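A quick note: this is a predicted structure, and the numbers were derived from the prediction, not measured. For ligands, and for the atoms within them, numbers begin at 1 and follow the listed sequence.
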Amino acid sequence: MTKSFNALKLAEEQIADLDQQLLKRKLRITNSPCDTKALVEDRELKAFCSNDYLGLANHSEIAKALSEGAQKYGVGSGASHLISGHSITHDLLEKRLASFQSAHIPKARALFFSTGYLANLTAITGIARLAPQGSGSIYSAKLNHASLIDGVRLASAQTNASVTLFDHTQQDLLIDLLKKDSKTLKLIVTDGVFSMDGDLAPVKKLLEIAEEYDALLLVDDAHGFGVLGKQGHGILEQENIYSDRIIYIGTLGKAAGVSGAFICAQDNFVEWLVQKGRPYIYSTATPPAIAHALLKSLEIIESDEGKQRRAQLHRLIDIWQQEMIFSTWEKVSSCSPIQPLILGGNADALLAATLLDEAGYWIPAIRPPTVPVGSSRLRITFSANHSENDLRSLIKTLQLIERQVLEKNHS
Ligand SMILES: Cc1ncc(COP(=O)(O)O)c(C=O)c1O
């Protein structure tokens, strides 16, 4: 008799294995809005871990717009965009999003998605499918977000495109690779702000390379949209870039405080994605009420209030850079609100996160595969709703905790 494949037992064993390697993750339940304080399993913790950089996730005007949107359009879209789910408020939002990038991308058109993950899958597979089978090559930055990695893998499986990883800090190596590349379609894929390190991609330099070697450049600005640039339009504004080679992705569940994402590129690229972007075509449209709330969020991002919120983030980043010099934990040169402390091993990162929790802070340990093996870390993020005192108290606590972790290692 053939032995049956016991998937359930395998799952149990593999979970136990993850636990043993200190890689098991745990869901924690909150019972409060996303803000600088969170009620987590009945305890109030000071949170320095969300991506709500501008502090808009609990903004009363956006919450009001969401309920107005629900009154006006109901709660669901009912179908995918191409069937019957594309409402006037989706259309308005896409026009506003395109206007944010129109100084940076000629004939800019935006397409709204329910998540950044879906936007990245759509953009990468869709663009790769412009080339005949086997005639595309994709260059993907090594530290790209999982949704870009998965988009690249899916595109390669669908189109037989070759895939090469590159280190975003070593552009000469990318140039060497492109010099030898005679493929029809070349696509460079990068995070704008690296999500776990907080440093910025050298987008200007990558664009120069794309121009020299006739490649397209896809920039996922999930952590830059709303935060970078005077008006909060993102990394293209900050770097003063204008190019028809750019496929820009922004997400709307981070600094914009709500949910969703968008692709912005030249009109014809976007029309191609509407025609052929499978994750876009075969997914239910986001509720129009969300799009309605996002219109308010975009208004705030561009307003004086948005500017003040970005200025507060810069004050926090300056304090961090000046006051964390005592720490022997590895830091990344980051001018964004993502400021990691790299402890290395899983055990140390978990210990530090537990000690922080005991001290009333919520900063989870980030471990592989989210970050490379041996670079487990505390990913500390700031929100414009944090006060300077909030940050100074955290820094004092970190000083004590670093000592405790180091003492444990020497005991
Ligand atoms: C760089 C980057 N791109 C894309 C995403 C996915 O966006 P979403 O959460 O909207 O799916 C994330 C999410 O954390 C991200 O960090």
Would you please test R309 and H59 for side-chain contact (heavy atoms from CB on, under 4.5 Å) and show each step? CA-CA 12 Å; R309 286 176 178 270; H59 194 290; 3.8 Å; yes
Which of the numbered atoms in ligand 1 are below 4.0 angstrom from a heavy atom of T251? 7 (O)
Parallel, tilted or perpendicular: rings of H90 and F112 (30°, 60°): tilted
Under 4.0 Å between a Lys/Arg side-chain N and an Asp/Glu carboxylate O for K64 and E61? no
Look at atom 5 (C) of ligand 1 and say which protein heavy atom is nearest, naming residue and atom and giving the distance to 0.1 Å. H145 CE1, 3.4 Å
Chi angles and distances behind the side-chain contact (heavy atoms from CB on, under 4.5 Å) call for H292, L294: CA-CA 5 Å; H292 192 74; L294 278 163; over 6 Å; no
Can you list the ligand 1 atoms lying under 4.0 Å from a non-hydrogen atom of S147? 3 (N), 4 (C), 5 (C)
Just let me know how A222 lines up against ligand 1, side chain, backbone, both or neither, with a heavy-atom cut-off below 4.0 Å. side chain
Atoms in ligand 1 with a heavy atom of S195 nearer than 4.0 Å: 16 (O)
The option among K254, H223, M196 carrying the non-hydrogen atom nearest to atom 9 (O) of ligand 1 is K254
Closer than 4.0 Å to some heavy atom of D191 - which atoms of ligand 1 meet that? 1 (C)
Give a yes or no on whether a salt bridge exists between D348 and K408, defined as a side-chain N under 4.0 angstrom from a carboxylate O. yes
Option nearest atom 2 (C) of ligand 1 (shortest heavy-atom distance, choices D220, L143, N144): D220
Test your reading of the structure: does G116 have an N or O sitting under 3.5 Å from an N or O of ligand 1? yes
Do the two ring centres, one from F113 and one from F262, sit under 6.0 Å apart? no
What one should report as the nearest heavy-atom pair of D181 and K183 is OD1-N, 2.7 Å
To which protein heavy atom is atom 6 (C) of ligand 1 closest, and what is the distance rounded to 0.1 Å? Y117 N, 3.6 Å
What do you reckon, is CZ of F326 surrounded by more than 12 foreign heavy atoms closer than 6.0 Å? yes
Ligand-side contact atoms (ligand 1) for residue partner N120, heavy atom cut-off under 4.0 Å: 3 (N), 4 (C)
